S.K.: 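First the structure, which I've put down as structure tokens, then a few questions once you've had a look.
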Amino acid sequence: MIDPRLLRETPDRVRASLAKRGLSDEVVDRALAADTERRDAIATFEAKRGEQKQLGKLIPKATGEEKAELLARTKTLAADVKAAEAAQNAAEETWQSAIRELPNMTHPDVPDGGEDDSVVIETVGTPRDFAAEGFEPRDHIELGRILGAIDLERGAKVSGSRFYFLTGVGAELEFALINLAMEQAREAGFTQVIAPALVKPRAMEGTGFLGQAADDVYRIEGEDLYLVGTSEVAMAAYHSDEILDAASLPRRYAAFSPCFRKEAGSHGKDTKGIIRVHWFDKVEMFVYTTLDQAEAEHARLLAWEREFMDKLELAYQVVDIAAGDLGLSASRKFDLEAWIPTQGKYRELTSTSNCTDFQSRRLDIRTRDDEGATTPVATLNGTLTAVTRAIVAILETHQLPDGSVRVPRALQKWMGGREVLEPVIPVA
RNA sequence: GGAGGCGUCGCCUAGUCCGGUUUAUGGCGCCCGCCUGCUAAGCGGGUUGAGGAUAAAACCUCUCGCGAGUUCAAAUCUCGCCGCCUCCGCCA
């Protein structure tokens, strides 16, 4: 939720932000009208209520005819108060639903436009040249099969399409990635967290996932619970309804959780392999800080993501995501895209968003400023490792002609010291 | 899942049976001031959060876990829900 004052005082800035995202500004007028109506309704209710309280004080002291008269007056007043209160609540609700439709304000430097308008701001490393090395790279599906690392057939048998089993070195790779990520996080001062993957509607709504993204969210039948698509959801709601001590900021968490995504609307995309799956595990950085520190923290999150990418010895790009592709909550977002050899292109491996005070306003997370007044905090998130896509990039990038895969140095200590993963079945 | 108990402004707590000068009591902590070689003690004041109004205030409304109801009036009575604790049952 954006700052209501921003809407009230500078609606044109809000309109401009919507235009940048390619969205209609129709909501702005609706929200402004609702705001006016709401304030009128509040004034009406408070006037009635005040009158009622004044009269109510006189009643215990009054006697006889005077008392009877007071009771008669307050009785009709009580009905007015009730009606005014109902009107106020209705106006409040209209206003709330209007302002909650508004996405976050975009950062001024965010590129205009949609998905295709995102800007590559840096390219790190060079994609490996398999032609020069004289062999055709195998895709991660084939490598996963011959290493005994990924079992897609049984994943489909047991759970359906877009599911998988990680087996043998595949499972080991997941634990290694998680351990490496958590080690880095701990050294950077993060608090490690295992977060619940099932959350209440409040958490989903507060992080902005029940708006336009609702189609992609699993709901538990017969329960008021959702499966998270990222631990960002649980970690944002973690401090909901709290006033955080300013001295405790920034609070940095590194949360592990499984992530579940319906992938509605991505039929036909990445149908094979484990690039796009309904479930995967992830280590997510989540930070609460002050608004004035948010941008600097965003840069740090990006730096930590790059550090992790470097440890995996991958070639990647840093992408400044265009306004139309930011989602509801982010004011700015950077993706790290790693080179996937058999696809001949860079694919998103991690992502970091600055959600400024958008989520904290919805979830009521505040701190105290220098004057001691409460003020919303900023929330930011960034992926350290999304396991499945990391495995895809590692297998394909570090494969050798015989179907074995070199283990990046940083992962070796978590893989029993092995430098190379060997095929477990004969390679053609 | 069953039975019982409990949720009051950071923490502890009075008030709830018997509805109304309760603008919710007191203590601890914290903040400001006075006093004092310094510190402590002592004394005085302040200290939930949200919203409305305002140039800013004064001011007004809401807030006793949440919601609904009864009533002229609800921390207090009634109902539902949520959370915590104890016991029982079940179980990684």
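Throughout, protein chains are lettered first and strands after them, A, B, ... in sequence-line order, and every chain is numbered starting at 1. Just so it is clear, the structure is predicted and the values come from calculations on it, not from any experiment.
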S.K.: Under 3.5 Å for both donor-acceptor distances, Watson-Crick or wobble: does B:G19 have a partner, and if so which one?
M.R.: none
S.K.: Please state how far atom CG in A:D3 lies from atom P in B:A50, giving the value in whole angstrom units.
M.R.: 14 Å
S.K.: Determine the interatomic distance between P on B:G89 and the same-named atom on B:A3; round to the nearest Å.
M.R.: 15 Å
S.K.: B:A50 C1' sits how many Å from A:I365 CD1, rounded?
M.R.: 17 Å
S.K.: Give A:G50 one of three labels, base, sugar-phosphate or nothing, depending on what nucleic acid heavy atoms sit under 4.0 Å from its own.
M.R.: sugar-phosphate
S.K.: Given A:K333 and A:D335, is the salt bridge (Lys or Arg N to Asp or Glu O under 4.0 Å) satisfied, shown in steps?
M.R.: CA-CA 7 Å; A:K333 171 150 81 175; A:D335 281 2; 5.2 Å; no
S.K.: Checking base pairs now: Watson-Crick or wobble, both atom distances under 3.5 Å. What partners B:G10?
M.R.: B:C28
S.K.: Applying a 3.5 Å limit to both distances, which nucleotide forms a Watson-Crick or G-U wobble pair with B:A75?
M.R.: none
S.K.: Please state how far atom CG in A:D224 lies from atom C1' in B:C81, giving the value in whole angstrom units.
M.R.: 12 Å
S.K.: Do A:S231 and A:K282 get their side chains close enough for a donor-acceptor pair, meaning under 3.5 Å?
M.R.: no
S.K.: If we take the P atom in both B:U13 and B:G27, what is their distance in whole Å?
M.R.: 16 Å
S.K.: What is the distance from atom OG1 of A:T106 to atom CZ of A:R13, rounded to the nearest 0.5 Å?
M.R.: 9.5 Å
S.K.: Go ahead and name the base partner of B:C81; Watson-Crick or wobble counts if both distances stay under 3.5 Å, otherwise write none.
M.R.: B:G65
S.K.: B:G65 and B:C6: how far apart are their C1' atoms, nearest whole angstrom?
M.R.: 11 Å
S.K.: State whether the number of non-hydrogen atoms from other residues, nucleotides or ligands found under 6.0 Å of A:E183 atom CD is greater than 12.
M.R.: yes
S.K.: Would you please say whether a donor-acceptor pair under 3.5 Å links the side chains of A:D325 and A:S118?
M.R.: no
S.K.: Rounded to whole Å, how long is the line connecting atom CG of A:L244 with atom P of B:G49?
M.R.: 14 Å
S.K.: In whole angstrom, give me the gap between the P atoms of B:A75 and B:C17.
M.R.: 12 Å
S.K.: A quick test of your reading: do over 12 heavy atoms of other residues, nucleotides or ligands sit less than 6.0 Å from CD of A:E295?
M.R.: no
S.K.: Considering only atom P, compute the distance from B:G4 to B:G52 and round it to an integer number of Å.
M.R.: 44 Å
S.K.: So which atom in A:G206 and which in A:R362 form the shortest heavy-atom distance, rounded to 0.1 Å?
M.R.: O-CD, 3.4 Å
S.K.: Figure out the CG/P separation between A:L55 and B:U71, and round it to whole Å.
M.R.: 18 Å
S.K.: Starting from the C-alpha separation in whole Å, work towards a yes-or-no answer on side chain to side chain donor-acceptor pair (under 3.5 Å) for A:R49 and A:Q52.
M.R.: CA-CA 5 Å; A:R49 178 66 179 159; A:Q52 183 186 38; 2.7 Å; yes
S.K.: Take atom P in B:G49 and the same atom in B:C64, then report the distance between them in whole Å.
M.R.: 16 Å
S.K.: Scan residues 77-89 of chain A against RNA chain B and write down, sorted by residue number, each residue with any heavy atom closer than 4.0 Å; if none is found, say none.
M.R.: A:A78, A:K82
S.K.: Provide the distance between the two C1' atoms, one in B:C28 and one in B:C66, to the nearest whole Å.
M.R.: 29 Å
S.K.: If you compare every side-chain N and O of A:Q52 against the phosphate oxygens of B:C72 (OP1, OP2), does one of them come in below 4.0 Å?
M.R.: no
S.K.: If we call it a pair only when both distances are under 3.5 Å in a Watson-Crick or G-U wobble match, what pairs with B:A41?
M.R.: none
S.K.: When the C1' atoms of B:U8 and B:G2 are compared, how many Å lie between them, rounded to an integer?
M.R.: 30 Å
S.K.: Establish, from distance only, whether the side-chain atoms of A:T379 and A:Q359 form a donor-acceptor pair under 3.5 Å.
M.R.: yes
S.K.: For B:A53, what is the paired nucleotide under Watson-Crick or G-U wobble rules, both distances under 3.5 Å?
M.R.: none
S.K.: Paired with B:U86 by Watson-Crick or G-U wobble geometry, both distances under 3.5 Å: which nucleotide is it?
M.R.: B:A3
S.K.: Whole-Å distance between B:G67 P and A:E93 CD?
M.R.: 13 Å
S.K.: Would you please test A:K157 and A:E153 for salt bridge (Lys or Arg N to Asp or Glu O under 4.0 Å) and show each step?
M.R.: CA-CA 6 Å; A:K157 177 175 74 177; A:E153 278 178 29; over 6 Å; no
S.K.: Would you kindly give the CG-to-P distance between A:D241 and B:G65, to the nearest whole Å?
M.R.: 15 Å
S.K.: Are A:R347 and A:D270 within salt-bridge range, i.e. N to O under 4.0 Å?
M.R.: yes
S.K.: Within residues 33-49 of chain A, find the residues that approach RNA chain B with a heavy atom at under 4.0 Å, and present them sorted by residue number.
M.R.: A:R38, A:R39, A:I42, A:F45, A:E46, A:R49
S.K.: Quick check: on RNA chain B, is the nucleotide nearest A:K200 upstream (toward 5') of the one nearest A:R366, or the reverse? Name the residue that is more 5'.
M.R.: A:R366
S.K.: Heavy atoms only, 4.0 Å cut-off, all strands: where does A:R8 land among base, sugar-phosphate and nothing?
M.R.: sugar-phosphate
S.K.: Figure out the CH2/C1' separation between A:W95 and B:G51, and round it to whole Å.
M.R.: 12 Å
